[in-house]
Amino acid sequence: MAIKYMDKYPKNVALRGWILKPFLTTFKNMIKTTIHRPVTIMYPYEKEWIPDNYRGRPGLVFEKCVGCGICERMCPTTCIELVEVEDEALGKVKRPQVNVGRCMMCGYCAEYCPVEAMTVTPDYELAGYTREDLIYDPYQLKWENTTIGMEVHLEEHLPSNLAKGVTDKPTAFYEVDRPKLIGEKCISCNRCAKTCPVDAIEMIVVGENAKGKPIKHPKIDDSKCVFCEQCIVICPKDALEINEVL
Amino acid sequence: MMTSKMWVTMGPQHPFSHGLWTLKVKIDGEVITDAIPIIGYLHRGWEKECENRTYPQIIPMADRLCYSASMTWSHVYVMAVEEALGIEVPERAQYLRVVADEICRIQSHLMWLAAMGTDLGNLTVFLWSLREREMFLDLFVKLCGQRLTTNYPRIGGVRNDMPYLFERDCMRVVDLFEKRLWDIIALMDDSAIFLSRMQGVGRISRKEAANMGLTGPGMRGCGVNFDVRRDDPYEVYDLLDFEVPVHKDGDAYARYAVRIEEMFQSCEIIRQAMAQMPDGPVRIKVPRNVPAGSHFARIEDPRGEALMHLISDGTDKPYRLKVRSPIFVNVSGAKRMVLGTRMADVPAIMGTIDMCLGETDR
C-alpha cells in the first residue's frame, strides 16, 4: 500500500494564497449543508435510530426466569441482587433486582443467562429523582417491547470440537459443564437438592451405613441442570466440584 | 533588562489540558525555561481493583481505561489472558478484532483532531471531525451495542458475530470518511496560520525520544521506524498490507502528519480485513482458571504501545495486572518539548501528545 497524504504535504502556503483554500473549503461545505438535511437532531422530540442489540439497562422476562443467580455472580459491579418476590401466579420465587444507578451496562447478565430471561433493552433514559428510584425491582425491570432476537446468546465453540473439525455446534458452559460428585465426601445432607432452582437434583439411596440408615447421594438430571453452581457453593463438605468440558 | 522568572500552573482546570493534569511551567518573560508535568488526579486504583474480579469481569473495566481507545484496551487485556491460557483464537474473531481496533484508532484520532482544533482556535475542525467521528461510533453501536464502552473482545474470541449488512456499512463509512478527511486536511494544512503555529515548535530529537521511551505517533514523528503492528505482529496484521508513516522532523507538525496518515492506513486495513474475512466460529470456550505464570501482551494503541502484564496464580482471579500506559511515558517528554518555546505554543505542543488521563493514572 502507498502513503496517501504525507508525500503531498506540507505544501508552500505562500503559493496557495495563505488561507484561501480553507476559506473555499468552508464555503463549499456551507453550500452543501444548506442544501442537505441538517445533522442536528432535536433530542427530546426526535431520537437517534438505535439498533436492536443496543445495550441499555437490563430487562427481565419474569416468567422465563428460574432464579438461578448466574447474573448475580457474573455482574462486575455487583448491582444485581436476588430478592424473594411474592408473585400471584408463581408464588414465592427468587428474581433479580438491579440497582441501575450502579449498572455499567456491560450486558453480561443477558449474555450469560441460561434461559434467556435477562435481556438488554434499548432504554437509556434512566434519570430518577432519588436513589431509591434507581433500584429496579423485578417487575420494573420488565420491558414490554422485548422482541425475539434481543436476547444475547452465549455461543462458544468447544476447542475439542474445533480440533475435530466440527464448526457448526455452538454451545455454552451451562449446557456442557456439570457438577461432579465426590462420593466419599458426601454426608447426605440434602442441601443441594433443596437449593437447586430447577429441581434437577434428586437424592438417591446408594447403600446403608453402619447404623442401618440409608446413604443418599445427589443425582443430577443433565437435561434440567443450568449449571448455576448454587449446589457447589452451598455444599458444606465440598463434595461437589466443577467439571469443565473443553 | 532584568526579568524575574515565574512559575505558572497550567491545569487541572486550564482549558489547554484535556483531562485532569497539571503542567507547571517556569517562564522567563515569555520563553519557557522549565516544565514539570504533574499527574495523578484521576487515580482510581484500577490495578488493585482487578485483583478482586474474575477474568471475564475485568473486560468491561478495561474499557474504562480510556474512553476513546476502549477497544484496544480490552483487546490487550484479553490477549494477555489468552497468552497465559495458551489458546488460539478462531481466525474470524481475529479479523473482527482487527477491524474493531482500526475503527477505534480512527475515532480516537478524530477525537484528538477535534481537541487539536480547539487548542489552535479552529472550531470548524472541531465540528467537522466530531461529525465524522459519529459515523464510526455508529459502526460501534451496530457491532457491539454501545458507542464508547464497547465490551466487545472476549477471552477466546469476540462477543458476537458481525450484524446484518455490517460489511456494507463499514465500506460506505470508510469511503465517505476518506473523502471528507481531505476537506479537513485542506482546512489545516493549507492554512498559513496552522502551519506557522505547528512547524518548528515542540521539537524532540530521535535520540531523546528513544531514551525517554516515547511510543506511538510521538516516536514515529521523530523518525523512529517502529510499529508493533508490523514489527511484532499480533492477530492477523502480518497478513495485511499497510504502510507505517514516519516523519523526520520531530516537531508538532510531524506528530500531526503521522496521525493523519495513520487514519488513511487504518481505512485501508479495514478494507483488506473485510475482503479477507473467513467464515467460521467467533468464540471458543475457555477454562475459568488460568494456570499460574507470568505473561504479557502488547499492542499498538492509538496513543502508543499498550502493554498488560498478567501474573496469575491458578485461580479465577488475577494475582497482579500491570498496565503499561503509553501516555504515562509520553508525558515525560513534555518538558523536553516545551523547553525554549513561547507560552502561547504550549497548547499546540501538548495537544499533539493526545493526553488521556484514564489510562495514565489508572
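Only this structure's heavy atoms are used, side chains among them; waters, hydrogens and symmetry mates stay out. Below, chains carry the letters A, B, ... as their sequence lines are ordered, and counting in each starts from 1.
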Centroid-centroid under 6.0 Å between B:Phe264 and B:Trp182 rings: yes
Heavy-atom contact with chain A under 4.5 Å, split by part of B:Tyr256: side chain
Region of A:Tyr108 that comes under 4.5 Å of a non-hydrogen atom in chain B: side chain
Contacting moiety of B:Arg271, where chain A heavy atoms sit under 4.5 Å: side chain
A:Thr78 versus chain B, the contacting section by heavy-atom distance below 4.5 Å: neither
Residues B:Arg283 and B:Asp161 bridged, charged N to O under 4.0 Å: no
Interface moiety of B:Ser191 toward chain A, non-hydrogen atoms closer than 4.5 Å: both
Atom CZ of B:Arg168: over 12 foreign heavy atoms under 6.0 Å: yes
Side-chain donor/acceptor of A:Lys47 to backbone N/O of A:Tyr43, under 3.5 Å: no
For chain B, the option from A:Pro170, A:Pro10, A:Pro159, A:Cys75 that forms the most heavy-atom pairs under 4.5 Å: A:Pro10
Heavy-atom proximity to chain B below 4.5 Å, by part of A:Ile3: both
Which portion of B:Phe194 sits near chain A, non-hydrogen atoms under 4.5 angstrom: neither
Heavy-atom pair count under 4.5 Å with chain A, highest-scoring of B:Gly157, B:Pro60, B:Gly145, B:Pro163: B:Gly145
Distance flag, aromatic centroids of B:Tyr152 and B:Phe140, threshold under 6.0 Å: no
Centroid separation A:Phe23 to A:Phe27 less than 6.0 Å: no
Residue A:Lys11 excluded, over 12 heavy atoms near NZ under 6.0 Å: yes
Side chain / backbone / both / neither for B:Val125 at chain A, heavy atoms under 4.5 Å: neither
Under 4.5 Å from a heavy atom of chain B, the part of A:Ile242 involved: side chain
Contact class of A:Asp177 relative to chain B, heavy atoms under 4.5 angstrom: side chain
Flag if over 12 foreign heavy atoms under 6.0 Å of CD, B:Glu51: yes
Proximal component of B:Ile184, with respect to chain A [non-hydrogen, under 4.5 Å]: neither
Flag if over 12 foreign heavy atoms under 6.0 Å of NZ, A:Lys8: yes
